[in-house]
Amino acid sequence: MKILVAGATGSIGLHVMKTAIEMGHQPRALIRNQRKVKLLPHGTDIFYGDVSQPETLTDVAENIDAVIFTLGSDGQGRIGARAIDYGGVRNVLQRFRGTQARIVLMTTIGVTERLGSWNQQTEVHDWKRRAERLVRASGHPYTIVRPGWFDYNHDDQHHIVMLQGDRRHAGTPADGVISRAQIARVLVSALTSDAAINKTFELVAEHGEEQNNLTPLFATLLADDPRKNEGILDLHNMPLEEEPGYIIDELNLFLKTAVSI
C-alpha cells in the first residue's frame, strides 16, 4: 500500500515509517520542516505540507491508499491541541473525500477522561476525541488506536493486549504501557486486516511474549456502533449536542460527504 504518514518525524511516526517499509509498503512522509528529512529512512517519499494549513495539502491524497495519523501537539496547550490534534486530522481528511483510503488514527489511552488537571489545562483529550469523531463520520474504513504510555514497558513486557471502553484514567503509566515499536506494528498491521475495520481500542502490553499474528486480537474486538459516534463501550460524558456549534457543523459536513466502504 501507498501510505501517507501524518506525523512522520515524531517518535511514533518514525517507527511507523520503518515498520511500513519492512512490511513491504510504500510510506510517504507528510512533513513541514525540511531539516527533519535527515531523520527519515534513506530514499523516503516526502510530501511537504503543514497539517494546520490546509492550503499546503492540495495534492496530499494523490496516489495514496491509506493514511496513518500519529499527530501530537507536543505540549502546545489548547491552541496546539485544537490546531494539530483536531485541526490536522480534519484538514487531511478533507483532502481524502471521495476516496476509499483506509484510515488509522492514533490518539491516547484515557482520551475520554475529561476532569483531570491535564485535560482541564490543555483540552488535549477533548480535541483528540473530536478528531476520532471526524474519522468515524468520514465513512472511510478506519481503525482508532489509543496506546498506553510509550516505552514504559519492562524487558519482558511485550504481550499485546487490546481493550475497549477506555476505563483507565489514572493519567500515569498505571493505565498501561507499550513500546513505540509495538504501537507502530499495530498501526500498520491494522491497514491490511479486515478484522480491524471500524474498531476503536486501547493498546497496552503485559508480561509475556509478543504475538506473531495480530488478526485474532483484532477479531475479538467489538466494532463501533454506526448509529453512534463513539468508541463502542465509551463513557457518554461528552454529548454531541453539548459540543460547540462549529464543531457540530464540521462533523455534519463530513457525514454529508461520507464515502461508502
Next item on the list: Take D50 and T56 through the test side chain to side chain donor-acceptor pair (under 3.5 Å) and record every step on the way to the result.
Entry: CA-CA 6 Å; D50 187 332; T56 69; 5.8 Å; no
Nearest heavy-atom contact between I178 and G148 is CG2-N, 4.0 Å
| Do F254 and V89 belong together in a cluster built from hydrophobic side chains that touch within less than 4.5 Å? | yes
Counting C-beta onward and ignoring hydrogens, is there a side-chain heavy-atom pair between M162 and V186 closer than 4.5 Å? yes
Tightest non-hydrogen contact, residues N91 and P54, listed as ND2-CD, 3.7 Å
Residue pairs passing the salt bridge (Lys or Arg N to Asp or Glu O under 4.0 Å) test with at least one member in residues 83-92, sequence neighbours excluded, are D85-K128, R90-E250
Only one of L39, T9, T44 passes side-chain contact (heavy atoms from CB on, under 4.5 Å) with M17, and that residue is T44
Within the side chain of Q182, is there an N or O that forms a donor-acceptor pair under 3.5 Å with the backbone of A205?
-> no
d(L40 CG, I31 CD1) to nearest 0.5 Å is 5.5 Å
Exercise. Does the D175 side chain pair with the main chain of A170, one donor and one acceptor, at a distance under 3.5 Å?
Worked result: yes
All heavy atoms of A66 vs all of L191, minimum pair found to be CB-CD2, 3.7 Å
Across all chains, not counting sequence neighbours, the ring pair (Phe, Tyr, Trp, His ring centres under 6.0 Å) partners of Y152 are W149
Review point. Is atom CG of L235 surrounded by more than 12 heavy atoms (other residues, nucleotides or ligands) closer than 6.0 Å?
Key: yes
Output, in order, the C-alpha distance, side-chain angles, deciding distance and verdict of side chain to side chain contact (heavy atoms under 4.5 Å, CB included) for H158 and E206.
CA-CA 6 Å; H158 296 290; E206 295 183 352; over 6 Å; no
### Message
If you define the side chain from C-beta out and look only at heavy atoms, does anything of I21 sit under 4.5 Å from P27?
### Response
yes
Practice problem: Report yes or no: does H25 contribute a side-chain atom to a donor-acceptor pair with the main-chain N or O of K2 at less than 3.5 Å? | Solution: no
**OP:** Run the numbers on D74 and I84 for side chain to side chain contact (heavy atoms under 4.5 Å, CB included), then give the verdict.
**Re:** CA-CA 9 Å; D74 296 327; I84 305 300; over 6 Å; no
Taking L214 as the starting point, is it possible to reach L221 by hopping between hydrophobic residues whose side chains are less than 4.5 Å apart?
yes
Apart from L115 itself, its cluster of hydrophobic side chains linked below 4.5 Å comprises none
So CG of L134 and CG of L253: to nearest 0.5 Å the spacing works out to 9.5 Å
Hydrophobic cluster membership, with links at side-chain heavy-atom distances under 4.5 Å among I/L/V/M/F/W/Y: are V51 and I144 in one? yes
In short, salt bridge (Lys or Arg N to Asp or Glu O under 4.0 Å) pairs touching residues 185-199 with sequence neighbours left out are R185-E210
Looking at side-chain heavy atoms only, is the closest gap between L163 and F201 below 4.5 Å? no
*Would you check if there is a donor-acceptor pair between the side chains of T200 and D224 at a distance under 3.5 Å?*
yes
In this structure, CD1 of I103 is separated from CZ of R136 (nearest 0.5 Å) by 13.5 Å
Review point. Are the side chain of D166 and the backbone of V111 linked by a donor-acceptor contact shorter than 3.5 Å?
Key: yes
Residues at least two apart in sequence or cross-chain that pass salt bridge (Lys or Arg N to Asp or Glu O under 4.0 Å) with E230, listed by chain then number, are R129, R133
Between S52 and A83 the two heavy atoms that sit nearest each other are CB-O, 4.1 Å
Quiz item: Under 3.5 Å, side chain of R167 to main-chain N/O of G165, donor-acceptor pair present?
Solution: yes
Residues pairing under salt bridge (Lys or Arg N to Asp or Glu O under 4.0 Å) where one sits in residues 146-156, two or more places apart or in two chains, turn out to be E132-R146, R146-E202, R146-D234, D151-R180
**Item:** Full working for side chain to side chain contact (heavy atoms under 4.5 Å, CB included) between F150 and S11
**Value:** CA-CA 9 Å; F150 306 164; S11 69; 4.2 Å; yes
Crowding at CD, E209 (>12 non-hydrogen neighbours, <6.0 Å) | no
Residues pairing under ring-ring contact (aromatic ring centres under 6.0 Å, His included) where one sits in residues 52-88, two or more places apart or in two chains, turn out to be Y86-W127
Check: Can you find a pair of side-chain heavy atoms, one from I3 and one from Q26, that are under 4.5 Å apart?
Finding: no
So the salt bridge (Lys or Arg N to Asp or Glu O under 4.0 Å) pairs with at least one residue in residues 8-32 (sequence neighbours excluded) are K18-E22, R28-D45
Between T122 (side chain only) and V124 (backbone N and O only), is there a donor and an acceptor less than 3.5 Å apart? yes
Check your understanding: Side chain of H140, backbone of F96: donor and acceptor closer than 3.5 Å?
Key -> yes
Lys/Arg-Asp/Glu bridge criterion (N-O < 4.0 Å) met for D65, R102: no
Checklist line | Verify same cluster id: M23, F218 (apolar side-chain graph, 4.5 Å) | finding: yes
With sequence neighbours left out, the residues meeting side-chain contact (heavy atoms from CB on, under 4.5 Å) with P244 are R130, Y246, I247
Item checked: Side-chain donor or acceptor of Q120 paired with backbone N/O of E123 under 3.5 Å -> no
For Y48 and V37, the nearest pair of non-hydrogen atoms, with its separation, is OH-CG2, 3.3 Å
Problem set entry | Side-chain heavy atoms of L203 within contact of I160, under 4.5 Å | yes
Exercise. If we only count heavy atoms from C-beta on, is the I197 to T143 side-chain gap below 4.5 Å?
Worked result: no
(Q) I want to check something: taking the side chain as every heavy atom from C-beta on, are L4 and V92 in contact at a cut-off of under 4.5 Å? (A) yes
- Message: For the backbone of G231 and the side chain of Q164, can you confirm whether one donor and one acceptor N or O come within less than 3.5 Å of each other?
- Response: no
Using a 4.5 Å side-chain heavy-atom cut-off and chaining through intermediate ILVMFWY residues, the residues clustered with I232 come out as L222, L233
**Report entry** Path from V5 to V145 over hydrophobic side-chain contacts below 4.5 Å
**Finding:** yes
Does the side chain of V204 reach to within under 4.5 Å of the side chain of R168, using non-hydrogen atoms? yes
Residue set satisfying side-chain contact (heavy atoms from CB on, under 4.5 Å) with N33, at least two apart, ordered chain then number -> R35, K36
Rounding to 0.5 Å, atoms OG (S193) and CG (N213) come to a distance of 8.5 Å
Distance col, row L30:CG vs L57:CG, nearest 0.5 angstrom, shows 6.0 Å
Scanning both residues in full, the closest heavy-atom pair of H207 with Q157 reads N-CG, 3.8 Å
dist H125:NE2 -> I109:CD1 (nearest 0.5 Å) comes out at 10.0 Å
**Request:** Keeping the roles fixed (side chain from N237, backbone from E113), state whether a donor-acceptor pair exists under 3.5 Å.
**Result:** no
Sequence neighbours excluded, the answer for side-chain contact (heavy atoms from CB on, under 4.5 Å) partners of T220 is none
